[in-house]
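Here the structure is a predicted model, which means the values were calculated and not measured.
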Amino acid sequence: MSEPSADNENWLELKNPHAVLAALEQRPEDVKELRFYVEPKGLWRKISDVAEEKKIPVRDLAFTQEKKQRDRPSHKVERTGHATGIVKPKKPISLTEFFHGVGDASLKTPPIWLALDSLQDPHNVGAIFRSAAFFGVRGILMTKNQSAPINATVHDIAAGGMEAVPYVIETNLNRAIKTAQKAGLWVLGTSEHAQDSVWKIDQKRPWLLIVGNEQKGLRRLTLEKCDMHCTIPNLGDVKSLNVSVATGILLNTLTRPIK
């Protein structure tokens, strides 16, 4: 008897235990089942216990895995995860909900939102969600076209960050930028050609930080809509950074304690 496919009904097969645990804790109704190919240990043991508490099926597929190993030709070697969680993708929210709390006076530092202009590598998107969750980003705005899908890779690389940060997908980024500005946000574009260092940016303002495509950066129209532009000054021979690394540095700089 074959195993049910994770692709049915848009289910994702997640292999990162932190991503699975976060989904179990935040939206257990979207977790279909857990599959174990060996006896669960460590964090996977905790995940199994949480799933059982929430009445989510836990399947022991150790025998099936052993049979596959025996039946597989000796010259073929495949790496199989020890456990997976079958989870629905995290759903986006609406743009009207997205910029809630821009003027929240109770916050110690002004809030930050993030926009991704046509990022195409799901590894970068997942890493950015993880950094965004770490630095308390209020939400991530993504473009619909020429962008990476929110797939299992994004959820796994985010390591729980997908569950912590709301996101919205918009066809027209420039229109969404106008909405952000009307809500009270300043829009900060990023470019290696910008004149101002990120260290000079006023932290007391609420920002929508925009990072661009892995190869081309921000599109021209996006740059034109920004209130300011900034760059990360390089101190060595390499002139550029991976977009997910750069985003982490930018967020760290913008959220450092205000003196």
Side-chain angles (χ1 to χ4, degrees), residues 26-27 89-119 124-125 128-148 150 154 158 161-191 194 196-213 217-232 243-244 246-258:
Q26 298 296 323
R27 48 188 184 101
K90 173 78 177 294
K91 292 182 179 179
I93 64 174
S94 68
L95 191 62
T96 55
E97 302 173 82
F98 188 67
F99 294 116
H100 175 73
V102 172
D104 190 345
S106 67
L107 298 175
K108 293 182 180 179
T109 56
I112 292 180
W113 278 258
L114 185 60
L116 313 182
D117 186 5
S118 308
L119 266 68
N124 284 331
V125 174
I128 287 173
F129 265 93
R130 184 172 186 172
S131 295
F134 183 86
F135 288 109
V137 169
R138 300 293 292 271
I140 295 180
L141 170 63
M142 303 178 65
T143 51
K144 183 176 182 179
N145 299 321
Q146 297 182 338
S147 296
I150 301 298
V154 173
M162 282 296 304
E163 309 304 329
V165 184
Y167 74 99
V168 63
I169 298 178
E170 286 293 305
T171 302
N172 191 319
L173 179 58
N174 292 326
R175 186 167 57 206
I177 290 173
K178 289 181 180 179
T179 302
Q181 291 168 326
K182 288 179 180 178
L185 285 173
W186 291 75
V187 180
L188 179 61
T190 55
S191 169
D196 290 327
S197 162
V198 66
W199 293 99
K200 296 181 179 180
I201 300 302
D202 186 355
Q203 290 179 260
K204 296 179 181 179
R205 295 176 179 176
W207 289 105
L208 172 65
L209 172 69
I210 310 180
V211 297
N213 175 269
L218 296 187
R219 292 174 291 178
R220 179 181 59 82
L221 289 178
T222 304
L223 282 168
E224 291 175 357
K225 297 294 182 183
C226 296
D227 297 304
M228 295 184 67
H229 307 115
C230 75
T231 188
I232 301 172
V243 65
S244 64
T247 302
I249 294 171
L250 292 163
L251 291 176
N252 179 58
T253 304
L254 294 173
T255 58
R256 71 190 190 278
I258 298 175

What distance separates [X] [atom1] from [Y] [atom2], expressed to the nearest 0.5 Å?
| X | Y | atom1 | atom2 | value |
| --- | --- | --- | --- | --- |
| K144 | T171 | NZ | OG1 | 4.5 Å |
| I177 | L141 | CD1 | CG | 7.5 Å |
| K182 | F99 | NZ | CZ | 12.0 Å |
| L254 | C230 | CG | SG | 6.5 Å |
| L209 | L185 | CG | CG | 11.5 Å |
| L208 | L188 | CG | CG | 8.5 Å |

Quiz item: Which residue, I140, V243, V154, forms the side-chain contact (heavy atoms from CB on, under 4.5 Å) with V125?
Solution: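 Among I140, V243, V154, the one meeting side-chain contact (heavy atoms from CB on, under 4.5 Å) with V125 is V154.
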Heavy atoms only: give me the nearest [X]-[Y] pair and the separation to one decimal.
| X | Y | value |
| --- | --- | --- |
| S118 | S147 | CA-OG, 3.5 Å |
| R27 | P89 | NH1-O, 3.6 Å |
| Q203 | R256 | NE2-O, 2.6 Å |
| F129 | A158 | CB-CB, 3.9 Å |
| N174 | K225 | OD1-CG, 3.5 Å |
| I169 | P92 | N-CB, 4.3 Å |

Has the side chain of [X] got a donor or acceptor atom that lies under 3.5 Å from a matching backbone atom of [Y]?
| X | Y | value |
| --- | --- | --- |
| T190 | I210 | yes |
| W113 | P206 | no |
| H229 | S191 | no |
| T222 | L218 | no |
| E170 | T143 | no |

Practice problem: Starting from the C-alpha separation in whole Å, work towards a yes-or-no answer on side chain to side chain contact (heavy atoms under 4.5 Å, CB included) for I150 and Y167. | Solution: CA-CA 10 Å; I150 301 298; Y167 74 99; 3.9 Å; yes
Quiz item: For atom CZ of F135, is the number of surrounding heavy atoms from other residues, nucleotides or ligands below 6.0 Å larger than 12?
Solution: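 Yes, enclosed.
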Quiz item: Does a sphere of radius 6.0 Å around CD in E224 hold more than 12 heavy atoms from other residues, nucleotides or ligands, not counting ones at 6.0 Å or beyond?
Solution: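 Counting neighbours around CD of E224, more than 12 heavy atoms of other residues, nucleotides or ligands fall under 6.0 Å, so yes.
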Self-check item: Check: P166 and I93 side chains under 4.5 Å, non-hydrogen atoms
Solution: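 Counting from C-beta outward, I93 and P166 do come under 4.5 Å.
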Exercise. Applying side chain to side chain contact (heavy atoms under 4.5 Å, CB included), run through R205 and D227 and close with a yes or a no.
Key: CA-CA 12 Å; R205 295 176 179 176; D227 297 304; over 6 Å; no
Practice problem: Tell me, please, which residues at least two apart from R219 pass salt bridge (charged side-chain N to carboxylate O under 4.0 Å, His left out). | Solution: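 Salt bridge (charged side-chain N to carboxylate O under 4.0 Å, His left out) check on R219 returns D117.
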Quiz prompt | CA sep, side-chain torsions, deciding dist, call: D202, W186, side chain to side chain contact (heavy atoms under 4.5 Å, CB included) | solution = CA-CA 10 Å; D202 186 355; W186 291 75; over 6 Å; no
Quiz item: What residues form a side chain to side chain contact (heavy atoms under 4.5 Å, CB included) with I249, not counting sequence neighbours?
Solution: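 Scan of I249 (side chain to side chain contact (heavy atoms under 4.5 Å, CB included), adjacent residues dropped) gives I232, L241, V245, T253.
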